[in-house]
Amino acid sequence: VTRLCVPIFVHTEEQARRDIALAAEHGADLVELRIDSFGDDDAVARLIASSTIAVLVTCRRSGEGGHCDLPDDERIERLRRAVRAGATWVDVELASVVDHPHELSSLGAPVILSAHDFEGRPPRLWSLVEQMTALPAQVNKLAWRARSVRDNLEAFELLLNRPRPAVALCMGEAGQISRLLARKFGAFLTFASLDDDSATAPGQPTIEQLKRLYRWDAQRPETRVYGVVGSPVAHSLSPAIHNDAFDHLGFDGVYVPLLVEPGYESFKAFAESFVEFAPLNLRGLSVTIPHKENALRWLQHRGGAVDPLAERIGAVNTIVIDRRDDGAVRSLRGFSSDYDAILDTITDALQIDRTSLASCHAILLGAGGTGRTATAALASCGADVTIANRTFDRAAALASEFDGTPGYVRAVDWSELDVSKADLLINTTPIGMHPHVGACPLDERQLASLHRCRLVFDTIYNPLRTRLVEHAERLGLRSVGGIEMFVRQAAAQFSAWTGKPAALDRMRNVVETSLSRQRHPR
Ligand SMILES: NC(=O)c1ccc[n+]([C@@H]2O[C@H](COP(=O)([O-])OP(=O)(O)OC[C@H]3O[C@@H](n4cnc5c(N)ncnc54)[C@H](OP(=O)(O)O)[C@@H]3O)[C@@H](O)[C@H]2O)c1
């Protein structure tokens with residue numbers, strides 16, 4: 001089983017003792033004591049002796065991500081002292097022993113032989129593994145800066161083809177899944193920090209994220225993988241929602257963030273390699289900005305089944321990957337769960353069915369991606385839609401594209417917007433979104449004329465109650481925030497992947513909790 005290792009930079013004996021205790025309390029299997037900036041070997045010996053969990057000791061040289069300028073033989077002597085004090089493992093860089101490998105056998109404890117590249121993939125990666133394996137150590141550790149998310153696949157291949165226990169990590173945000181999925185691929189260990197500030201390498205998750213958010217303890221080689229593809233993705237709430245839902249259902253899946261640089265070519269290169277890499281068992285993707293159009297284009301290129309409405313909108317936010325028992329791809333399917341999420345949010349709030357939307361007059365603020373989906377969705381139900389957008393031409397183009405499908409769609413100039421006849425008001429602009437929470441897309445006069453509006457729907461979910469929603473409530477109008485749309489689109493994805501209904505209330509809770517944590521980081 002892959003060990004969970006918390007790296008601890010030793011600054012003082014007291015601080016390190018506290019951190020070791022915290023790591024043990026959080027469920028770490030071992031700690032890595034980084035002693036490169038701490039020269040008191042007696043204190044190191046006391047820390048090792050008092051630790052309740054196994055200790056790996058590392059004295060990293062400068063130039064390989066460390067801070068120690070001692071010559072190799074003196075650094076190795078420090079490790080020897082740590083072994084005499086009871087260290088379970090020591091880490092030695094390949095570069096430190098390549099000319100005197102006998103040092104390794106003289107250490108007296110199992111050795112993790114390591115090589116790091118902070119620029120990118122080492123040029124002769126597989127030869128490096130051979131070179132390491134020829135030396136008397138117990139574990140090979142390779143870490144390099146991910147050039148793109150695709151580098152993770154090579155790290156997984158290194159683990160699958162390991163000649164002896166191994167660690168293969170890609171640094172940086174794009175490389176994060178090499179850490180999150182290390183257990184699935186049988187790594188010797190993965191690193192996790194105590195908190196966001198104590199991470200010793202870019203992309204390193206916290207132990208709490210790994211265990212609670214990324215289902216560490218449930219990961220097995222067969223575990224199905226899902227992910228959100230976008231740029232940026234670091235603050236996406238989707239991993240929290242889906243992993244919690246997998247947990248709740250007892251479903252053997254894990255959901256991770258996948259940072260893919262903008263542009264069709266990067267999406268295509270990512271999708272081809274990840275979908276074809278059978279051991280990953282990738283079963284589904286959520287697609288977010290800026291890749292929804294790219295996902296549609298790629299599915300069309302691959303001959304995947306694309307829902308006609310997604311084709312009409314020109315965007316796919318969900319991909320379902322069906323595989324045969326041998327892991328080969330049987331089929332690919334894409335659709336937009338935003339479409340149903342928008343309609344369901346409205347009909348659930350008003351307690352009506354979709355056919356009743358035919359008699360509604362909807363005013364839509366914004367003509368971007370969400371505005372487009374809302375226009376297509378409402379027009380398809382026969383609603384009468386008026387679009388107002390900062391850039392009038394964009395609203396006009398959208399209106400002419402969806403007018404008569406079958407709803408009546410037109411554009412108005414923002415300055416001439418009259419909301420007094422609206423049954424439905426939907427904001428799809430980011431006005432009022434965190435951190436500009438004081439902003440509202442309508443002025444006092446417009447708000448006052450909203451009296452006959454049956455529903456004010458703000459698609460923004462951060463904050464949960466925008467200024468627009470607050471104003472609507474004050475006027476006694478029914479209102480909903482973007483969280484309702486967000487959880488419904490996630491629920492539709494979950495059902496498409498698992499074949500089971502999602503617990504909407506639970507998903508809503510997860511979003512609320514995650515948002516309050518993001519606003520009040522501990
Ligand atoms: N609840 C959910 O699940 C969910 C999902 C996706 C998005 N959303 C929300 O929808 C919003 C828009 O997302 P999107 O993907 O549609 O973005 P988008 O494609 O970039 O479109 C943004 C739209 O808002 C307009 N706009 C932007 N800044 C403005 C400003 N300062 N004043 C007036 N108009 C402005 C833009 O007008 P121009 O055409 O003039 O640029 C454009 O029409 C986001 O803020 C997000 O909160 C919610």
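In listed order, ligands and their atoms are each counted from 1. Remember, predicted model here, so these are calculated numbers, not experimental data.
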*Any idea how H242 and F494 line up, ring-wise: parallel (<30°), tilted (30 to 60°), or perpendicular (>60°)?*
parallel

*Among all residues two or more places apart in sequence or in another chain, which pass the side chain to side chain donor-acceptor pair (under 3.5 Å) test with N509?*
none

*Got the residues with a heavy atom under 4.0 Å of ligand 1, by chain and number?*
I289, G366, A367, G368, G369, T370, N389, R390, T391, R394, T428, T429, P430, I431, M433, T459, I460, Y461, G482, M485, F486

*Does the side chain of L181 reach to within under 4.5 Å of the side chain of V225, using non-hydrogen atoms?*
yes

*asked:* Show me the pairs that pass salt bridge (charged side-chain N to carboxylate O under 4.0 Å, His left out) and involve residues 442-460, at least two apart or across chains.
replied: D423-R452

*Are W216 and P205 side-chain neighbours, meaning at least one heavy-atom pair lies under 4.5 Å?*
no

Donor-acceptor pairs under 3.5 Å, side chain of residues 167-175 to any protein atom, not counting sequence neighbours: which ones?
none

